[in-house]
Amino acid sequence: MNTVIHAIPFARPEFDAAELRAVGEVLSSGWVTQGPAVARFEEMFAGRVGARYAVATSSCTTALHLALVLAGVQPGDEVICPSYSFIATANAILYAGATPVFADIERDTWNIDPEDASRRVSARTKAILPVHQVGLPADLDRLAHLEARGISIVEDAACGIGSTYRGRPIGSHSNLVCFSFHPRKTISTGEGGMLTTHDPAFAERARRLRSHGASVSALSRHEAKGIVFEEYRELGFNYRMSDVQAAIGIAQLPKLEGWLARRRAIADRYDAAFRPLREVQVPARPPYAEHAFQSYGLLLTSACHHDRNDLLHALADRGISCRRGIPPIHLEPLYLNRYGPASLPVTEEVASRSIFLPMYSSLAEADQERVIDAVTGLLSQST
Ligand SMILES: Cc1ncc(COP(=O)(O)O)c(C=O)c1O
């Protein structure tokens, strides 16, 4: 008898009738570009993350670019960021015309190492871009002293929705925080991003810059009594989110707490299974942060004699889709050819010895059991 083993995906966005209905309503309204749904999503999002303002964008990458422009980053400036991140983190720095300066990460949290970052500050450093990698907040307090030196903090919270730092949500701390709604994130609008701030001037300028620098938004012109002409005083971009995407976001937000609880329960179960194993290190849970588990990653310790990529292949053969750790940005040809090698030993070690397991809120218990059995079984095999 042939038993078909179904594939377990690595990640899965969660959509149901609520999103379908919301999109249908926007399509029937006839207003599909940035409009009333975007405004409503921004208001809801700002409330959820404890920011005064939220400005929706086409992606987290474009939000990061806007945030760096708002921070005054210009050609010739340097911005410090981790190399252990998705390439968009550093690309946004290049879009602003500045030079990324990569800092190493901590071996346990996989977030930027504040001491190493401080050592890399120069007279040209304009901003620092800590990443809340896979939903674990970076230690913001240990970076705060840089602000006194005129260095802006721009948080890459692409994976940070639902994370908390010292009891408050990510989004409530700094003046420039950027989120992603890519389908691999905890809530998704297909593509999309959000910039949050407490500063009304930043919010106003971000709203202009995301729409070609227009002094008046299309919605305000539409709602105005009489004719209103917009003006363009500085170079802006088309970084708008559409109302179709925002409608999906509005339907997703009320489900966030349930999804976070599920992700944390899944992480607890993985932890309980893997903590006793000498071959792996489970994700850090520092006392200052609550992890949102956008992803769940294991580090293969020196007691593990298996090659990480062999494990990935063996898991794929068993129908389990996993991912390698995050490839360091400084080793990508684009960056290596421009800036040459960098000394980032922890980044390179973590990147070559980490493995990310399936993590999404609808991961069934039986499927998680299959993942746990497969990983523990493979690790117990001799090489
Ligand atoms: C840390 C980090 N920064 C930035 C991004 C870019 O987000 P987006 O795809 O919304 O542009 C991602 C997306 O994967 C990310 O993980």
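Both counts, for ligands and for their atoms, begin at 1 and track the order of listing. Quantities reported herein were computed from a predicted structural model and do not represent experimental measurements. Position 1 is the first residue of the sequence, and the numbers go up from there.
If you look at Cys178 next to ligand 1, there are no close heavy atoms at all, none under 4.0 Å. Contacts between Ala158 and ligand 1 below 4.0 angstrom, taking non-hydrogen atoms only, involve the side chain exclusively. Proximity of Val131 to ligand 1, defined as any heavy-atom pair under 4.0 Å, is confined to the side chain (atoms from C-beta onward).
A side-chain donor from one of Glu230 and Tyr232 sits under 3.5 Å from a side-chain acceptor of the other. When only modelled atom types and interatomic distance are considered, Arg210 and Gln34 share a side-chain donor-acceptor pair under 3.5 Å. Between the side chains of His173 and Glu155, not a single donor N or O lies within less than 3.5 Å of an accepting N or O. A donor-acceptor pair shorter than 3.5 Å cannot be found between the side chains of Gln245 and Glu191. Between Ser211 and Arg240, the side chains place a donor N or O and an acceptor N or O closer than 3.5 Å (distance only, hydrogens not considered). Asp367 and His6 share a donor-acceptor pair across their side chains, judged by distance under 3.5 Å alone. With no hydrogens or angles considered, no side-chain donor-acceptor pair links Gln281 and Thr301 at under 3.5 Å.
Taking a 4.0 Å cut-off on heavy atoms, Gly192 registers as neighbouring ligand 1. Lys185 counts as a contact of ligand 1, since one of its heavy atoms falls under 4.0 Å from the ligand.
Distances below 4.0 Å separate heavy atoms of Cys159 from the following atoms of ligand 1: 16 (O). Of all atoms in ligand 1, listed by their number and element, those nearer than 4.0 Å to a heavy atom of Ala88 are 4 (C), 5 (C), 6 (C). Remark: ligand 1 atoms within the under-4.0 Å shell around heavy atoms of Ser85 are 1 (C). Near Ser59, meaning under 4.0 Å from one of its heavy atoms, ligand 1 places the atoms 10 (O), 11 (O). Each of the atoms 3 (N) of ligand 1 lies under 4.0 Å from some heavy atom of Thr89.
The nearest heavy-atom contact from the protein to atom 10 (O) of ligand 1 is Ser180 OG, 2.7 Å. Remark: minimum distance from atom 7 (O) of ligand 1 to any protein heavy atom is reached at Cys60 CB, 3.3 Å. Nearest protein heavy-atom contact of atom 6 (C) of ligand 1 is Thr61 OG1, 3.5 Å. Closest protein heavy atom to atom 3 (N) of ligand 1: Asp156 OD2, 2.7 Å.
Partners of Tyr270 according to the ring-ring contact (aromatic ring centres under 6.0 Å, His included) rule, which considers only residues two or more places apart in sequence or in another chain, are Phe274, Tyr296.
Backbone and side-chain nitrogen or oxygen atoms of Gln133 are examined, and none is located within less than 3.5 angstrom of a nitrogen or oxygen of ligand 1. Residue-to-ligand polar distances keep Glu191 apart from ligand 1: every N/O pair is separated by 3.5 Å or more.
Salt-bridge annotation for Glu257 and Arg48: present, with a side-chain N of the basic residue lying under 4.0 Å from a carboxylate O of the acidic one. Taking the charged nitrogens against the carboxylate oxygens, Glu290 and Arg285 have no contact shorter than 4.0 Å, which rules out a salt bridge.
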